[in-house]
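So that the names make sense, note that chain A is the first sequence line, chain B the second, and so on, each numbered from 1.
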There are 2 protein chains.
Amino acid sequence: MTENHALPLYVQTAERLIREINAGRLLDGERLPPERDMAQDLGISVGTLRKALADLTDKGMLDRVQGSGNYVRHSPDATSVYAFFRLELVDGGGLPTATILSVDRLEKPNDLPDFGASRYGFRIRRLRRLGGVPAAVEEIWLDGAAKDQLITEDLSESLYLYYRDQLGLWITRAEDSVGVGHVPDWAPEAFPAVPGSVCGYVERLSWAQTGDNIEYSRTWFDSDKVRHITRMK
Amino acid sequence: MTENHALPLYVQTAERLIREINAGRLLDGERLPPERDMAQDLGISVGTLRKALADLTDKGMLDRVQGSGNYVRHSPDATSVYAFFRLELVDGGGLPTATILSVDRLEKPNDLPDFGASRYGFRIRRLRRLGGVPAAVEEIWLDGAAKDQLITEDLSESLYLYYRDQLGLWITRAEDSVGVGHVPDWAPEAFPAVPGSVCGYVERLSWAQTGDNIEYSRTWFDSDKVRHITRMK
DNA sequence: AGGAATTTGTGCGTATGTATC
DNA sequence: AGATACATACGCACAAATTCC
């Protein structure tokens, strides 16, 4: 009995191309070789390659132009659903940055929803800024199974990039639940809203390409300055 | 010169199946015939049919189960982006209903964002319930160019169905902006939150399949009972 | 301007794998 | 275990859009 646990060839191919693009070996705007040539180089049929390319197109990482060619689109976050879920200043604009407040490995508290396989999780608390202005405080729970240790210095400004580059995980599905909350008591003084006061509140569950539900996060945002935006197509 | 203005066969096939489903000739949960049989009936190849079925799956109108069959899913709004943007009771469950409070044709006020072509718009105010419980009040602005007149009796519970069946428009893109607001002074007494008190707030811009930005809406929801949910894949 | 070459899009057929019944 | 049905993969022919000479 010859069991085949490998992913379908077109999925492997799509992921391979995504890695090439993310690693910068395929640049933004670059035109790929003709499909027939690519397929031959990869040792697969044109149809299989086309299915992989269609996947990338869906993800917004590729433009396919009949009669012309396939063109790479590599905007920094086009690969993530986070491109569609984000905080924005009411006035618009403002570069996002984040300061880590704390990182701890803890047993998951009971008030967290079920997510991930481990009893433990990493709790990351951050202060997020938009254009330098403190905009939100955030508590992220990363499932303990994702990594043994997590060192503050390792974490990049973008957790998405950290997941992808250090853990080999990327978020492909997310579910947001938005309402009104109260600023948590651990919010730093830099955050203008007083602990306990009313503010916007987002809960998010995120799933990686593996299908695992690896992350749960809560964000409290200053509703006077910030909006939570979603675009759907 | 014989120009061919027809859409691709797989698109025609997908649209044909969508019409069959919307017309109720294919019922929810119904299993389609095997792909080979269907393809033969339709006079097309299996590959072409599969492409059409994949389209329907993307749209959430079909479940494809290997080894079993293709199953129709006909939830009333599965075809709309509104399937992904919605209010839910914190406790879960609850059928959505809506009561029209007022319908007026007005000049668009200045505090509305730019949307649609007309100077005028229809303002629809509704009280929305979930499982009978008043959950939100809503003000919807439909661009005046969409219709000459709008009669309260014409409006169905689901504005989405009204747009689709009466106006020939369906929403294919939307952008939500969520924050904290204050209950408007026109909120009916049935709505439990007091006018002026703090509540959840959603602004939405919606685009039809024509590419036109036809609708702008504002929703104030009772944050104690209701959450605004978004799912993204 | 126009035609040839290139490149992706569409459509068909077939063989084999894998999940379900 | 066998039959059924969808999933994957390959290859080919022609159409349509673009590019280049």
Engineer: May I ask you to verify if any side-chain N or O of A:Lys51 is less than 4.0 angstrom from the OP1 or OP2 atom of D:dA9?
Structural biologist: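 Result: no.
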
Engineer: Without decimals, in angstroms, what is the distance between B:Ile44 CD1 and C:dG13 C1'?
Structural biologist: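 It works out to 14 Å between those atoms.
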
Engineer: So does B:Tyr10 get a side-chain nitrogen or oxygen closer than 4.0 Å to the phosphate oxygens (OP1/OP2) of C:dG11?
Structural biologist: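 Negative; the distance criterion is not met.
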
Engineer: Whole angstrom is fine here: how far is it from CG in A:Leu49 over to C1' in D:dG11?
Structural biologist: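 In whole Å, D:dG11 C1' lies 14 Å from A:Leu49 CG.
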
Engineer: Going by atom type alone, with no hydrogens or angles, which donor-acceptor pairs under 3.5 Å involve a side-chain atom of residues 45-52 of chain B and a protein atom two or more places apart or on another chain?
Structural biologist:
{"from": "B:Ser45", "atom 1": "OG", "to": "B:Thr48", "atom 2": "N", "distance (Å)": "3.3"}
{"from": "B:Ser45", "atom 1": "OG", "to": "B:Thr48", "atom 2": "OG1", "distance (Å)": "3.1"}
{"from": "B:Arg50", "atom 1": "NH1", "to": "B:Glu35", "atom 2": "OE1", "distance (Å)": "3.0"}
{"from": "B:Arg50", "atom 1": "NH1", "to": "B:Glu35", "atom 2": "OE2", "distance (Å)": "3.3"}

Engineer: Rounded to whole angstrom units, what separation is found between the CG atom of B:Leu7 and the P atom of D:dA15?
Structural biologist: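 The answer, rounded to whole Å, is 18 Å.
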
Engineer: Please report, rounded to the nearest Å, how far the C1' atom of D:dA9 is from the CD atom of A:Gln12.
Structural biologist: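 In whole Å, D:dA9 C1' lies 13 Å from A:Gln12 CD.
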
Engineer: Is the A:His228 ring parallel, tilted or perpendicular to the A:Phe85 ring (thresholds 30°, 60°)?
Structural biologist: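 Ring orientation of A:His228 relative to A:Phe85: parallel.
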
Engineer: Would you kindly give the CD-to-P distance between B:Gln40 and C:dC12, to the nearest whole Å?
Structural biologist: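 The answer, rounded to whole Å, is 13 Å.
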
Engineer: Round to a whole Å and report the spacing from CG of A:Asp63 to C1' of C:dG9.
Structural biologist: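 Result: 16 Å.
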
Engineer: Give me the distances for all protein-to-nucleotides 4-6 of chain D N/O pairs that come in under 3.5 Å?
Structural biologist:
{"from": "D:dC6", "atom 1": "OP1", "to": "B:Asn70", "atom 2": "ND2", "distance (Å)": "3.4"}
{"from": "D:dC6", "atom 1": "OP2", "to": "B:Glu35", "atom 2": "N", "distance (Å)": "2.9"}
{"from": "D:dC6", "atom 1": "O4'", "to": "B:Gly67", "atom 2": "N", "distance (Å)": "3.4"}

Engineer: So does B:Ser45 get a side-chain nitrogen or oxygen closer than 4.0 Å to the phosphate oxygens (OP1/OP2) of C:dC12?
Structural biologist: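 The answer is yes; a side-chain N or O of B:Ser45 sits under 4.0 Å from OP1 or OP2.
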
Engineer: Mind jotting down which residue pairs meet the salt bridge (Lys or Arg N to Asp or Glu O under 4.0 Å) criterion with at least one end in residues 151-163 of chain A? Sequence neighbours excluded, please.
Structural biologist: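 Not a single pair qualifies under salt bridge (Lys or Arg N to Asp or Glu O under 4.0 Å).
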
Engineer: Applying side chain to side chain donor-acceptor pair (under 3.5 Å), can you list everything that pairs with B:Glu175, at least two apart in sequence or on another chain?
Structural biologist: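 Side chain to side chain donor-acceptor pair (under 3.5 Å) list for B:Glu175, sorted by chain: A:Arg231.
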
Engineer: Among all residues two or more places apart in sequence or in another chain, which pass the side chain to side chain donor-acceptor pair (under 3.5 Å) test with B:Trp141?
Structural biologist: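 Counting only residues at least two positions away or on another chain, B:Trp141 forms a side chain to side chain donor-acceptor pair (under 3.5 Å) with B:Glu139.
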
Engineer: According to salt bridge (Lys or Arg N to Asp or Glu O under 4.0 Å), who are the partners of A:Arg31, at least two apart in sequence or on a separate chain?
Structural biologist: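 Salt bridge (Lys or Arg N to Asp or Glu O under 4.0 Å) list for A:Arg31, sorted by chain: empty.
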
